[in-house]
Amino acid sequence: MSRNRRVVVLDYGSGNVHSAAKALERAGAEVEVTASRAAAMEADGLVVPGVGAFKAVMDQLRAVRGDEIIDRRLAGGRHVLGICVGMQVLFEHGVERGVDTEGLGEWPGAVTELPAEVLPHMGWNTVVPDAGSVLFDGIEDERFYFVHSFAAQSWHLDVMPPFPQPKLTWAEHGGRFLAAVENGPLSATQFHPEKSSDAGIQLLSNWLGALA
């Protein structure tokens, strides 16, 4: 079902676009790495990876008008997947080392430092997905690869019927944080599917299979 889905990995200067593209190809997608607005709007799915600091990623996204591309796709019900800092910037703002940066504001709330003795949170960890998760179908008990010190640690979006409730997936490192969100056409993971071995490829395949 996931074969021949056309996916754009948004190329805005983030360091892991090519590893994300290779993982998506393994999952069965036809992948283009580009910052082209036309290509990003026409693709079946748009993937927004991200590494580094929240502010740097936001600056890079805005430089290629990635914020507008993401907003326009979502307004049309077109699927978007954020990865790592690409998930974090979907929230209203991020606070890193005293710097408060405005995010894309697709979801309310802040991204803040994890209350853990050891940072970054680096390595494999288990997750707890909501029942009925599409992303984690068949891989609910697998481990995924994280590299981060900041995360969204609460959820504030109230969704009214007839819209479905978002599917939230949690993990723990010093405290509970959001490992993934599935909210209509907008999904995101705090971990790196492209570094999560076969489980990560299966998650990407699940996402591809859900593309309209």
S.K.: side-chain contact (heavy atoms from CB on, under 4.5 Å) between Phe136 and Leu203: does it pass, once the steps are laid out?
M.R.: CA-CA 6 Å; Phe136 293 92; Leu203 181 140; 3.8 Å; yes

S.K.: Listed by chain and number, what are the side chain to side chain contact (heavy atoms under 4.5 Å, CB included) partners of Ser19, not counting sequence neighbours?
M.R.: Asn16, Glu194

S.K.: Side-chain donor-acceptor pair under 3.5 Å between Glu182 and Ser133, yes or no?
M.R.: yes

S.K.: Evaluate the side-chain proximity of Pro193 to Ile83: yes if any heavy-atom separation is below 4.5 Å, no if none is.
M.R.: yes

S.K.: Counting C-beta onward and ignoring hydrogens, is there a side-chain heavy-atom pair between Leu178 and Met87 closer than 4.5 Å?
M.R.: yes

S.K.: Among residues at least two apart in sequence or on other chains, which ones pass salt bridge (charged side-chain N to carboxylate O under 4.0 Å, His left out) with Asp158?
M.R.: none

S.K.: Run the side chain to side chain contact (heavy atoms under 4.5 Å, CB included) test against Gln153 and tell me which residues pass, sequence neighbours left out.
M.R.: Thr112, Leu114, Pro115, Phe177

S.K.: Is there any ring-ring contact (aromatic ring centres under 6.0 Å, His included) pair reaching into residues 87-113, and which pairs are they, with sequence neighbours excluded?
M.R.: Phe91-Trp107, Trp107-Trp155

S.K.: Does atom CZ of Arg62 have more than 12 heavy-atom neighbours, drawn from other residues, nucleotides or ligands, at distances under 6.0 Å?
M.R.: yes

S.K.: Could you pull out the closest heavy-atom pair between Val51 and His192, with the gap in Å?
M.R.: CG1-CE1, 4.1 Å

S.K.: Does Arg37 have any salt bridge (charged side-chain N to carboxylate O under 4.0 Å, His left out) partners at least two apart in sequence or in another chain, and if so, which?
M.R.: Glu68

S.K.: Please evaluate residues Leu46 and Arg78 with respect to the criterion side-chain contact (heavy atoms from CB on, under 4.5 Å), reporting the C-alpha separation (whole Å), side-chain torsions for both, the decisive distance (0.1 Å), and the verdict.
M.R.: CA-CA 8 Å; Leu46 176 69; Arg78 308 297 303 281; over 6 Å; no

S.K.: Quick one: sort the Phe146 and Phe191 rings into parallel, tilted or perpendicular, breaks at 30° and 60°.
M.R.: perpendicular

S.K.: Please walk me through it: do Asp198 and Arg26 pass salt bridge (Lys or Arg N to Asp or Glu O under 4.0 Å)?
M.R.: CA-CA 10 Å; Asp198 291 344; Arg26 281 187 60 198; 3.6 Å; yes

S.K.: Could you walk me through whether Arg5 and His79 satisfy the side-chain contact (heavy atoms from CB on, under 4.5 Å) test, starting with their C-alpha distance in whole Å, then the side-chain angles of each, then the deciding distance to 0.1 Å, before giving a yes or no?
M.R.: CA-CA 12 Å; Arg5 297 297 188 186; His79 285 268; over 6 Å; no

S.K.: What I'd like to find out is whether the side chain of Gln190 reaches to under 4.5 Å of the side chain of Cys84, using heavy atoms alone.
M.R.: yes

S.K.: Does Glu113 reach the side chain of Glu96, with side-chain heavy atoms less than 4.5 Å apart?
M.R.: no

S.K.: So, Asn125 side chain and Glu172 main chain: donor-acceptor pair closer than 3.5 Å or not?
M.R.: yes

S.K.: A side-chain contact here means heavy atoms from C-beta on lying under 4.5 Å apart; do Val89 and Val48 qualify?
M.R.: no

S.K.: In Å, rounded to the nearest 0.5 Å, how long is the span from CD of Gln165 to CG of Leu157?
M.R.: 8.0 Å

S.K.: Among all residues two or more places apart in sequence or in another chain, which pass the salt bridge (charged side-chain N to carboxylate O under 4.0 Å, His left out) test with Asp130?
M.R.: none

S.K.: Show the nearest heavy-atom pair for residues Ser149 and Leu119, with the distance to one decimal.
M.R.: OG-CB, 3.8 Å

S.K.: Please find the pair of heavy atoms, one from Ile201 and one from Ala27, that lie closest to each other, and give the distance.
M.R.: O-CB, 3.8 Å

S.K.: Is it the case that over 12 heavy atoms from other parts of the model lie below 6.0 angstrom from the NZ atom of Lys167?
M.R.: yes

S.K.: Is any side-chain heavy atom of Glu92 closer than 4.5 Å to a side-chain heavy atom of Pro108?
M.R.: yes

S.K.: Mark yes or no for whether Tyr12, through its side chain, and Met58, through its backbone, hold a donor-acceptor pair below 3.5 Å.
M.R.: no

S.K.: Kindly give the heavy-atom pair with the smallest separation between Ser36 and Thr34, and that separation in Å.
M.R.: N-OG1, 2.9 Å

S.K.: Is the CD atom of Glu102 crowded by more than 12 outside heavy atoms at less than 6.0 Å?
M.R.: no

S.K.: So Thr169 and Leu135, do their side chains get closer than 4.5 Å, heavy atoms only?
M.R.: no

S.K.: Measure the shortest side-chain to side-chain distance between Val99 and Phe54 over non-hydrogen atoms and say whether it is less than 4.5 angstrom.
M.R.: no

S.K.: Is there a path of hydrophobic side-chain contacts, each under 4.5 Å between heavy atoms of I, L, V, M, F, W or Y residues, that connects Phe150 with Val181?
M.R.: yes

S.K.: Between CG of Asp71 and CZ of Arg65, what distance do you get to the nearest 0.5 Å?
M.R.: 12.0 Å

S.K.: Evaluate the side-chain contact (heavy atoms from CB on, under 4.5 Å) criterion for residues Val64 and Asp11: first the C-alpha distance (whole Å), next the side-chain angles of each, then the deciding distance (0.1 Å), finally the verdict.
M.R.: CA-CA 9 Å; Val64 299; Asp11 186 12; over 6 Å; no

